[in-house]
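Accompanying notes for the structure given below.
On a predicted model such as this, the values are computed, not experimentally measured, just so you know.
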Amino acid sequence: MLIVQSEQQSIALFGVGLIGSAIAEALQRRTGAPATGLRLRWASQDDFADDLQSVMQALEWRTAAGARPAVVWSAGAGGFGAAESETRAELQRFEQLVGALERLAAVRDVKPDFHLVSSGGGLFEGRRAVTTATQPASARPYSALKLAQEAAITSRRHFRRIRIYRPSSVYGRIRPGHRLGLVSTLIRNGIARQVTHLVGRTHTLRDFVHADDIGGFVAREVLSATAPDQRPPCMLAAGKPSSVQEVQRAIESVLGYRTFISFDLRSNNDADTTFAPNSLPTRWQPRPLLEGVRGVVEDYKSFQPDSWRRRQSDLDG
């Protein structure tokens with residue numbers, strides 16, 4: 001986890017993966033403040049409890065200094081395919097954290113803001129033209145986890161503001177330890193000239209959104225000094241779905257050559273998941289898919305230039 005400390009705010013960011021790292025970078029750009037890393041181990045209940053105590057001590061010191069506190073949760077050990085035992089343990093960790101924050105808030109007589117990154121793609125899997133009125137469903141342990149996290153935080157009283165974000169299918173910079181979705185997997189394998197094996201179909205529709213767009217939006221909300229209020233969960237989607245084939249074509253247009261996909265036609269992961277444009281917040285401006293793909297490709301090449309040059313030399317030779 002990270003703590004971003006500015007003169008006005010002390011921000012605790014739990015989870016620095018694909019989305020969390022984008023939020024952290026956006027916060028640092030906007031505040032010019034440094035980030036301090038703290039250990040928070042997930043493997044066992046005892047390790048998590050020990051590390052959480054240290055984290056609370058660090059937060060207490062910063063809160064005592066007078067900075068307005070905020071918490072951002074974008075953590076998660078398991079993805080769509082997580083088993084119920086994994087999501088149960090993850091929910092326990094989340095509830096531990098929320099309880100510790102409430103105790104800290106009571107002792108320091110201060111109410112922090114809480115920003116929860118949930119999952120629109122998980123909560124509305126297989127639903128078309130999702131709007132703010134569409135009721136989420138728990139089709140998998142993963143989606144049940146997200147609903148439980150949302151319920152756990154909205155029922156608490158020791159927070160000044162609570163914001164919940166529901167991003168659709170997320171892609172972004174390819175880094176070790178970051179979860180790879182469809183777009184990033186196709187880009188990585190396309191650059192490596194490898195076949196991508198997918199559980200799905202070529203015409204399946206998804207709503208793809210870049211992690212940096214999410215990071216910028218959430219950072220603005222975190223740094224906003226608006227008064228406490230109640231708002232419904234916020235959808236962060238493109239509002240324009242793309243098929244797997246459209247994604248493949250966009251990647252090929254950037255790379256300049258064909259890529260190859262092998263589909264498992266026995267898939268139970270081929271239902272469309274799309275979001276209506278009128279479900280999105282007014283200040284939300286996601287980048288077009290082609291622009292996002294181009295940025296991920298260029299970043300991935302620059303991130304590992306030596307291996308990229310060797311690969312290109314081998315292919316061209």
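- Heavy atoms only, all atoms of each residue included: Thr134 and Phe124 are closest at O-CE2, 3.4 Å.
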- Query: Leu13 and Val4: side-chain contact (heavy atoms from CB on, under 4.5 Å), yes or no, with the steps?
  - Reply: CA-CA 8 Å; Leu13 176 58; Val4 178; 5.8 Å; no
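- Ring geometry for Tyr165 versus His115: interplanar angle under 30°, hence parallel rather than tilted (30 to 60°).
- Smallest separation of non-hydrogen atoms from Ala129 and Thr274: N-OG1, 2.7 Å.
- By the 6.0 Å and 45° rule, Arg193 stacks over the aromatic ring of Tyr257.
- A cation-pi contact, defined as under 6.0 Å to the ring centre and within 45° of the axis, is absent between Arg188 and Tyr300.
- To the nearest 0.5 angstrom, Ile191 atom CD1 is 11.0 Å from Thr259 atom OG1.
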- Under the side-chain contact (heavy atoms from CB on, under 4.5 Å) rule, what do Val218 and Ile19 come out as? Steps first, then yes or no, please. CA-CA 10 Å; Val218 174; Ile19 297 177; 6.0 Å; no
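- Not a single donor-acceptor pair under 3.5 Å links the side chain of Thr87 to the backbone N or O of Tyr142.
- Criterion: ILVMFWY side-chain heavy atoms under 4.5 Å apart, direct or through other members. Under it, Trp284 and Phe208 are not part of a common hydrophobic cluster.
- Between Glu246 and Lys240 no salt bridge is recorded (no basic side-chain N to carboxylate O distance below 4.0 Å).
- Surrounding CD of Gln96 are more than 12 heavy atoms belonging to other residues, nucleotides or ligands, all under 6.0 Å away.
- In plain terms, the two heavy atoms of Thr273 and Gly121 that are nearest each other are CG2-O, 4.5 Å.
- Shortest non-hydrogen contact noted between Ile23 and Val117 is CD1-CG2, 4.0 Å.
- Listed for the Arg157 side chain is no donor-acceptor partner under 3.5 Å among the backbone atoms of Glu102.
- Between Ile3 and Ser10, the shortest heavy-atom distance links the atoms CG2-OG, 4.1 Å.
- Sorted by first and then second residue, the salt bridge (Lys or Arg N to Asp or Glu O under 4.0 Å) pairs with a member in residues 13-34 read Glu25-Arg173; sequence neighbours excluded.
- Taking a cutoff of 4.0 Å between a charged side-chain nitrogen and a carboxylate oxygen, Asp51 and Arg93 do not qualify as a salt bridge.
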